[in-house]
Every structure is written in structure tokens, then in C-alpha cells.
A.B. asks: 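Mind having a look at this structure? Questions to follow.
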Amino acid sequence: MILATWNINSIRARLERLLAWLASAQPDVVCLQEIKTTEAKFPTAELATAGYRCAVLGQPTYNGVAILARGEIANVAAGLGEHLRDDQARLLGADVLGVRVLNVYFPNGQEVGSKAFEYKLQWMLALRQYLDARLRPEQPVLLCGDFNVAIDDLDVAHPMQWAASVLCCPPVRGALENIRAWGFTDIFRQHNPEGHIYSWWDYRQLGFPRNDGLRLDHLLASAPLASRCRWARVDREQRKGEKPSDHAPVMCEFADL
DNA sequence: ATGGTTGCTTAGCAA
């Protein structure tokens, strides 16, 4: 099974690119973030024609996540439930090919010390509580999406410039370690231990041409799933050309699924 | 320190 996670930064602005990429990359499962639209305006028909079923958690203008799959999508669950009650569309869980897939779009946090930053830390703590309450690390679980966190300095082209930012600062990295400690392996890092492979480049300041990027989009797998991972890579081609998202897809393959 | 770019929605916010 080939799975991808991609912050597409508006699915309606990127639909033609998405359809062309699905046809060439041939993923079985795709987790999208920042679809920036509602269920009603989601291009369900176009994706069905391309061979994908969709589970969508939408919101006007901001956020929004969706899971696309060639097979059945079952037991769809939206949000963090009792662990964090709000109206931001940031988490969608579903069973796909025997895997519990959790598609996440973490809050960015804007500035350290801001209300948005406090919300980010609260959201991350609630995610750990959600995992504790609903799932077991002995199950095949994949937590993937845009985490808005660079796990360590191997995920950052210029670590000094970002050390104090909402993407890298110690409280945020600590909150991510708390989530990882539930029972996840960073399967991308496992297969790319040298680091310095990025998934996001700012639109400004020639971020991509300079490869001034960060790895913010992650694939975290529980042990029984991590052991099946054959490879993981970033599809940098999708950051090139006309009107790219500021993120590239991160992909992996699992054996025997 | 600020601004640089993009998308949604149409001025300002979020990233």
C-alpha cells in the first residue's frame, strides 16, 4: 500500500495538479490538509472519476482535512472529541486497508506567547489524551499530516534561524515528543537517517530555490505498522512548476497491505 | 525590525 500526506493549501486552487499527481504517483491512500473548503464544495465527483473515495472534514476559508482512498473508508471520526471541543477542522480518523489512519493538521501557533501558541500546545496535549483513550500501540496506527513542528535540527536547513520559532521551540518539540512516546516511530527518519530532507518551503524569500526548508509533514507509525514500511520519500517535484502548494507530498509504502 | 508570497474573499487574516 502506498500512502501520501500532503498539505495542498486549498484543494480548489490545486485540483488539476492533484488529479495529475494521482494519475502519475498512484497512491492508494492520500491524507490532505488545508483543503480550505467545505464538504459541499469539495470535488468529490472529480476524485471519484479518478478512482478515489473521500472522507472530508471541511471548514470555510481555513484548515480542513480529507482522506482519499481507492478502497473502503470505514469508521470515520472527526475531531478530538471530548479532549478538545472547538470548530476547527484539524483531525480526521478512518480505517483504511486495516490501518487506523489519523490525518492531522496541527495548529501553526503564529507567534510564541500568543493565544494561537497556547492553543497549539493545548491541541497537542489533547491529541495525546485522544490516543490514550481510543487506541493501543499494538494496533496498526498511522498518525500523519502537517504537524507544524520540525522534530529536531536535522529537519531544518538553518536551525539557528528557527530555534525560537513556533515550529522548533522547546515547548513544541516537547509536546511532540509526548505524542511520539505514545508508541510511534518516525518512519520517514527511519528510512532517511541523514536528515536535511524538507517538506515545506516558504513562498517568500526564494525558499524553494535556496532549499531553505523544514520538514513539517510527518509519518508516525505504531510498531506493527512501522515494521512493514519499505521506504519513505518527499516528492519534491510537486513543489515545482506553476502554482505549487508550499508543501510537497510525503509518501511511503507498507508491505502486505 | 520589516517584508517578502499565497489563498480565501474581497480587507484582512492566516500561514
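Naming convention: chains lettered A, B, ... in sequence-line order (proteins, then strands); numbering from 1 in each chain. Just so it is clear, the structure is predicted and the values come from calculations on it, not from any experiment.
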A.B. asks: At less than 4.0 Å, is any side-chain N or O atom of K36(A) found next to OP1 or OP2 of dT6(B)? Yes or no.
C.D. replies: no
A.B. asks: Kindly point out which of dG7(B), dT9(B), dA15(B) is positioned nearest to the side chain of A13(A)?
C.D. replies: dG7(B)
A.B. asks: Using a cut-off of 4.0 Å on non-hydrogen atoms, how would the nucleic acid contact of Y105(A) be classed: base, sugar-phosphate, or nothing?
C.D. replies: sugar-phosphate
A.B. asks: Are E82(A) and R134(A) ion-paired here, with the side-chain N under 4.0 Å from a carboxylate O?
C.D. replies: yes
A.B. asks: Q59(A) CD to dA15(B) P: how many Å, rounded?
C.D. replies: 10 Å
A.B. asks: In whole Å, I'd like the distance from the CG atom of L206(A) to the P atom of dG4(B).
C.D. replies: 13 Å
A.B. asks: Indicate yes or no for a side-chain donor-acceptor contact from N103(A) to the backbone of A66(A) under 3.5 Å, with no hydrogens or angles considered.
C.D. replies: yes
A.B. asks: Strictly distance-based, threshold 3.5 Å: is any side-chain N or O of D246(A) a donor or acceptor partner for the main-chain N or O of N9(A)?
C.D. replies: no
A.B. asks: Nearest-nucleotide wise, let me know which of Q88(A) and T61(A) is further upstream toward the 5' end of DNA chain B.
C.D. replies: T61(A)
A.B. asks: Contact between V172(A) and L167(A) at the side-chain level, heavy atoms closer than 4.5 Å - yes or no?
C.D. replies: no
A.B. asks: Please enumerate all protein N or O atoms sitting under 3.5 Å from an N or O of nucleotides 1-3 of chain B, with distances to 0.1 Å.
C.D. replies:
| residue | atom | partner | partner atom | Å |
| --- | --- | --- | --- | --- |
| dG3(B) | N2 | Q205(A) | NE2 | 3.1 |

A.B. asks: In whole Å, I'd like the distance from the CG atom of N108(A) to the P atom of dC13(B).
C.D. replies: 16 Å
A.B. asks: Go nucleotide by nucleotide along DNA chain B from the 5' end; which of N63(A) and D202(A) gets its closest nucleotide reached first?
C.D. replies: D202(A)
A.B. asks: Measure from NZ on K243(A) to C1' on dC8(B) and round the result to the nearest Å.
C.D. replies: 12 Å
A.B. asks: Applying the ring pair (Phe, Tyr, Trp, His ring centres under 6.0 Å) test to H218(A), which of W200(A), F106(A), F147(A), F184(A) qualifies?
C.D. replies: F147(A)
A.B. asks: Between the main-chain N or O of N148(A) and the side-chain N or O of K120(A), is there a donor-acceptor pair closer than 3.5 Å?
C.D. replies: yes
A.B. asks: Using the P atoms only, state how far dA1(B) lies from dA11(B), rounded to an integer number of Å.
C.D. replies: 32 Å
A.B. asks: Out of the candidates R180(A), R189(A), R173(A), only one should pair with D152(A) under the salt bridge (Lys or Arg N to Asp or Glu O under 4.0 Å) rule; please name it.
C.D. replies: R189(A)
A.B. asks: What's the CG-C1' distance between L216(A) and dA15(B), to the nearest Å?
C.D. replies: 11 Å
A.B. asks: Nearest of dG7(B), dA14(B), dT9(B) to any side-chain atom of S10(A)?
C.D. replies: dG7(B)
A.B. asks: Whole angstroms only, please: what is the CZ-C1' distance between R204(A) and dT6(B)?
C.D. replies: 9 Å
A.B. asks: Between Q161(A) (CD) and dG4(B) (P), how many Å, whole number?
C.D. replies: 18 Å
A.B. asks: Between R14(A) and dT6(B), is there a contact of a side-chain N or O with OP1 or OP2 at under 4.0 Å?
C.D. replies: no
A.B. asks: Roughly how far apart, to the nearest Å, are dT9(B) and dA14(B) at atom C1'?
C.D. replies: 13 Å
A.B. asks: Whole-Å distance between dA14(B) C1' and D146(A) CG?
C.D. replies: 13 Å
